[in-house]
Amino acid sequence: MKNWKIGDALKWATSFLLDSGVESARVDSEILLQRILDADKGKVLSNADEVIKDNHAAVYQEMVRKRSEGVPTAYLVGTREFMSLEFVVNSNVLIPRPETEFLVEEALDFLKKKGTNSPAVLDIGTGSGAIGIALAFYYPGTRVWATDISERALEVARINAENIGVSSFLKFCQGDLFSALPGGLKFDCILSNPPYISGEELKNLDETVRDFEPEVALVAPDESISFHKRIINEAPGFMKKGALLGMEMGIGQEAQVKILLQEAGCYNNINMIKDLSGIFRVITAEFN
Ligand code: SAM
Ligand code: GLN
């Protein structure tokens with residue numbers, strides 16, 4: 001494409017993506033172009049008449065085509081912001097979601113209120129490392145054990161801990177939930193955003209999620225809250241008295257998860273937090 005201007009490229013990409021059914025067409029078009037031109041949003045938008053180099057135009061067209069086929073924008077640009085930190089992502093990790101920030105905020109509030117010095121925190125199913133790394137960054141001195149069943153996800157999490165400058169505060173362990181950990185650990189806080197989608201629900205999920213994000217990060221075996229159940233039952237062996245357990249949940253799971261916590265008989269101060277769409281997204285409880 002010769003003499004393609006920024007403004008025209010954005011218009012083309014937006015209408016191409018809209019025609020392909022991508023709702024976030026305009027935003028995605030901007031994010032992809034920003035990445036290719038290595039420019040921020042302001043620079044892209046205020047230079048509509050600037051001509052794009054031919055090689056950049058070719059890369060842009062290819063990226064927009066991939067986006068139109070459903071590939072998530074974050075995988076195309078290779079990063080996603082979470083808690084105002086930049087995380088590297090690839091198809092081996094779930095793209096961190098804004099609603100997961102509520103879980104991190106709850107944990108930060110809890111630690112600040114208690115004033116715990118260098119707390120021990122467990123992040124189960126760390127994926128890109130989003131939860132554990134954000135905590136280590138915003139609550140200096142936190143020691144985080146971050147686990148995942150997926151070694152490929154842990155590779156990404158290690159890179160993020162290094163890039164964000166907190167790698168000396170994190171330990172990464174591969175394995176199934178608590179079995180990944182060395183013996184004898186007791187935590188001040190256990191957090192998890194576990195897979196919580198049933199095999200049936202997966203079929204109806206947005207294709208950008210269903211066909212591109214790792215199934216191991218999305219789908220819970222047996223029933224959608226099976227990981228919550230296991231975590232609630234196994235966590236007491238790994239918590240200090242008064243420790244916080246915090247988990248993310250899917251739409252409509254709050255009543256069942258709350259009952260599991262009540263029935264376990266060793267948790268109090270059960271608290272549920274809504275996300276910006278009014279969905280109960282996070283549940284926390286203290287171990288007594
Ligand atoms: N914590 C990240 C976040 O919030 O963006 C990723 C959450 S993703 C929904 C769930 C993560 O749990 C995935 O990284 C997946 O590999 C991991 N996982 C799945 N089954 C697991 C298991 N049995 N034990 C430990 N981790 C598991
Ligand atoms: N929040 C993700 C979604 O809606 C699912 C993440 C999870 O299963 N923990 O696609």
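Note that ligands are numbered from 1 as they come in the structure, with each ligand's atoms numbered from 1 the same way.
- Looking at atom 19 (C) of ligand 1, its nearest protein heavy atom turns out to be V216 O, 3.1 Å.
- When each of F169, F187, F238 is paired with W145, the ring-ring contact (aromatic ring centres under 6.0 Å, His included) condition holds for F187 and for no other.
- Listed by number with element, the atoms of ligand 2 under 4.0 angstrom from any heavy atom of R97 are 2 (C), 3 (C), 10 (O).
- Contact atoms of ligand 2 toward V209: 10 (O) (distance under 4.0 Å to a heavy atom of the residue).
- Counting heavy atoms from C-beta on, the side chains of L122 and L181 come closer than 4.5 Å.
- Residue K240 comes nearest to F287 through the heavy atom pair O-CD2, 3.5 Å, listed as atom of the first residue, atom of the second, then distance.
- Heavy atoms of D148 approach ligand 1 to within less than 4.0 angstrom.
- With ring centers used as reference points, Y75 lies 6.0 Å or more from F212.
- Counting heavy atoms under 4.0 Å from ligand 2, residue A220 does not touch it at all.
- At least one N or O atom of N193, backbone or side chain, sits closer than 3.5 Å to an N or O atom of ligand 2.
- The protein heavy-atom contact nearest to atom 8 (S) of ligand 1 is A217 O, 3.5 Å.
- At a 4.0 Å heavy-atom cut-off, ligand 1 touches T126 through the backbone alone.
- The atoms of ligand 1 that sit less than 4.0 Å from any heavy atom of T100 are 4 (O).
- Protein non-hydrogen atoms do not reach within 4.0 Å of atom 4 (O) of ligand 2.
- Heavy-atom proximity to P194, at under 4.0 Å, picks out these atoms of ligand 2: 7 (C), 8 (O), 9 (N).
- Within the 4.0 Å heavy-atom cutoff, G175 counts among the residues contacting ligand 1.
- Here the heavy atom of the protein found nearest to atom 23 (N) of ligand 1 is D176 OD1, 2.7 Å.
- Distances from ligand 1 to the non-hydrogen atoms of Y196 include no value under 4.0 Å.
- Shown here is E234, whose CD atom has more than 12 heavy atoms of other residues, nucleotides or ligands within 6.0 Å.
- When hydrogens are left out, the protein atom nearest atom 24 (N) of ligand 1 is L177 N, 2.9 Å; that is the closest non-hydrogen contact.
- Considering only non-hydrogen atoms, atom 10 (C) of ligand 1 lies nearest to N193 out of I131, D123, N193.
- The shortest N/O to N/O separation between I149 and ligand 1 falls below 3.5 Å.
- The aromatic rings of W12 and Y60 sit perpendicular to each other, their planes meeting at more than 60°, with 30° as the lower class boundary.
- Closest to atom 6 (C) of ligand 1 among all protein heavy atoms lies G125 O, 3.4 Å.
- The distance criterion of under 3.5 Å between nitrogen or oxygen atoms is not met by P195 with respect to ligand 2.
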